[in-house]
Q: 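Just dropping this structure here.
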Amino acid sequence: MWRKIIQVCTIILVSCSVLFLSALEAQEGEEDLLYQQLMGKLENLIPGESIEVKIGTEKEKYKVGDPFEVRFLASKDCYVVLMDISSAQKDTYGDITILLPNSKFPDNKIEAGRVYSTLFDFGMNMTVAPPYGLEVINLFCSTEKVELFEADYEKESFYKIQHNDEGRLKALSDRLD
């Protein structure tokens, strides 16, 4: 059923982010530098070895209009942050959307050994949409609740960071420090 299960500890955080960054190196500017610094921090996060996490999708490549679902599990009860870095549009960087937690599921605690689905457990009926390119999904987990951002779920369903939103880019970058 699932063609590829990926160890998030090294592959997702390092290789996908590297591929994403290499396509963006040609851009310049202040917010571009801030965005690149944030992507560098995400790429260089050193995962701990206390929680084993597996994450996967049904296919390796998708076409526009295809349904998209992420499944994941962790070896310990933990809090998760599921982050989507969208494909870059022409002359811009991709936006960052925090899929979990969100307005419907602000408590992002999951149970050990249980497979979670963005579709079936969290009701995210997602389909692949333009622009074309590499979409990066990162999963962060911790046995303690970590606040990477301050969302107001009464105003927004998902916490989103536009590629040129200096305030939110800097806030996430500072919290990663």
Side-chain angles (χ1 to χ4, degrees), residues 1-27 35-36 38-39 42-43 45 47 51-75 78-111 113-141 148-149 151 153 156-165 168-169 172:
M1 179 166 59
W2 290 90
R3 292 184 184 174
K4 191 172 188 178
I5 298 294
I6 303 171
Q7 293 286 337
V8 74
C9 295
T10 55
I11 296 174
I12 286 291
L13 291 177
V14 178
S15 66
C16 289
S17 294
V18 170
L19 291 172
F20 185 71
L21 282 174
S22 65
L24 303 175
E25 290 178 310
Q27 298 184 6
Y35 188 94
Q36 286 180 357
L38 176 59
M39 291 299 114
L42 291 171
E43 176 185 342
L45 284 176
I51 302 173
E52 181 180 339
V53 178
K54 294 182 181 178
I55 184 170
T57 58
E58 190 171 10
K59 302 187 244 181
E60 289 185 31
K61 292 185 179 184
Y62 289 85
K63 296 177 185 169
V64 170
D66 284 351
F68 183 77
E69 172 192 9
V70 177
R71 292 188 183 179
F72 55 91
L73 68 91
S75 63
C78 61
Y79 295 90
V80 297
V81 174
L82 188 64
M83 177 187 292
D84 170 57
I85 303 170
S86 68
S87 300
Q89 298 178 23
K90 185 178 181 182
D91 299 327
T92 64
Y93 292 101
D95 296 332
I96 300 168
T97 303
I98 306 299
L99 300 174
L100 286 172
N102 61 47
S103 62
K104 290 183 181 177
F105 299 96
D107 181 21
N108 53 337
K109 189 167 187 178
I110 64 168
E111 297 174 4
R114 178 175 168 214
V115 176
Y116 287 86
S117 159
T118 53
L119 176 61
F120 298 108
D121 294 297
F122 302 106
M124 293 182 217
N125 192 7
M126 300 182 285
T127 56
V128 176
Y132 297 97
L134 180 65
E135 195 92 7
V136 179
I137 303 290
N138 285 330
L139 177 71
F140 305 93
C141 61
L148 290 179
F149 53 90
Y153 292 129
E156 57 189 342
S157 297
F158 296 93
Y159 186 80
K160 189 167 189 170
I161 304 173
Q162 301 288 328
H163 66 277
N164 59 355
D165 185 336
R168 285 192 171 189
L169 288 169
L172 180 57

Q: Taking atom CZ of Arg168 and atom CG of Asp95, what is their separation to the nearest 0.5 Å?
A: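 If we round to the nearest 0.5 Å, Arg168:CZ and Asp95:CG are 11.5 Å apart.
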Q: With side chains defined as the heavy atoms from C-beta onward, is the minimum distance between Ile137 and Phe68 less than 4.5 Å?
A: yes
Q: Is there side-chain contact between Ile96 and Leu38, with at least one heavy-atom pair below 4.5 Å?
A: yes
Q: Is the closest side-chain heavy-atom distance between Arg114 and Asp121 below 4.5 Å?
A: yes
Q: Between Leu148 and Ile98, is a side chain to side chain contact (heavy atoms under 4.5 Å, CB included) present by the stated rule, with each step listed?
A: CA-CA 10 Å; Leu148 290 179; Ile98 306 299; over 6 Å; no
Q: Provide the closest heavy-atom pair for Ser87 versus Gly133 in the form atom of the first, atom of the second, distance.
A: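 That closest heavy-atom pairing would be OG-C, 3.2 Å.
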Q: Between Met83 and Ile161, is there a side-chain heavy-atom distance shorter than 4.5 Å?
A: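 Not touching, per the 4.5 Å side-chain cut-off.
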Q: Tell me whether the count of non-hydrogen atoms from other residues, nucleotides or ligands lying under 6.0 Å of OH in Tyr132 goes above 12.
A: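 Atom OH in Tyr132 is not crowded, with 12 or fewer foreign heavy atoms closer than 6.0 Å.
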Q: Would a distance-only check, ignoring hydrogens and angles, find a side-chain to backbone donor-acceptor pair under 3.5 Å from Thr97 to Leu99?
A: no
Q: Which distance, rounded to the nearest 0.5 Å, do you find between the CD of Glu156 and the CG of Asn102?
A: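 With rounding to 0.5 Å, CD (Glu156) is 11.0 Å from CG (Asn102).
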Q: Using side-chain heavy atoms (C-beta onward) and a distance below 4.5 Å, is Met124 in contact with Leu100?
A: yes
Q: If only atom types and distance count, is the side chain of Ser157 paired as donor or acceptor with the main-chain N or O of Ser103 below 3.5 Å?
A: no
Q: Closer than 3.5 angstrom, by distance alone: can the side chain of Tyr153 be matched with the main-chain N or O of Phe105 as a donor-acceptor pair?
A: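 Looks like no, no N/O pair under 3.5 Å.
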Q: To the nearest 0.5 angstrom, please state how far the OG1 atom of Thr127 sits from the CD atom of Glu69.
A: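 Rounded to the nearest 0.5 Å, the OG1-CD separation comes to 13.5 Å.
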Q: Which atom pair, heavy atoms only, marks the closest approach of Ile51 to Ala74?
A: CG2-CB, 4.0 Å
Q: Could you tell me whether the side chain of Cys78 reaches within less than 4.5 Å of the side chain of Ile110, counting heavy atoms only?
A: yes
Q: Do Phe140 and Leu42 come close enough that some side-chain heavy atom pair is under 4.5 Å?
A: yes
Q: Contact between Glu135 and Ser86 at the side-chain level, heavy atoms closer than 4.5 Å - yes or no?
A: yes
Q: Of all heavy-atom pairs between His163 and Leu169, which one has the smallest distance, and what is that distance?
A: O-CD1, 3.4 Å
Q: Can you say whether the rings of Tyr116 and Phe122 are parallel (under 30°), tilted (30 to 60°) or perpendicular (over 60°)?
A: parallel
Q: So, using ring pair (Phe, Tyr, Trp, His ring centres under 6.0 Å) as the criterion, who are the partners of Phe149 when residues are at least two apart?
A: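 Tyr159.
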Q: What is the minimum heavy-atom distance between Tyr62 and Pro67, and which atoms define it?
A: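 Where Tyr62 meets Pro67 most closely, the heavy atoms are CE2-O, 3.5 Å.
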Q: Mind checking ring pair (Phe, Tyr, Trp, His ring centres under 6.0 Å) for Tyr79 and listing every partner two or more places apart, or none if nothing turns up?
A: none
Q: Which atom pair, heavy atoms only, marks the closest approach of Leu139 to Ile55?
A: CB-CD1, 4.0 Å
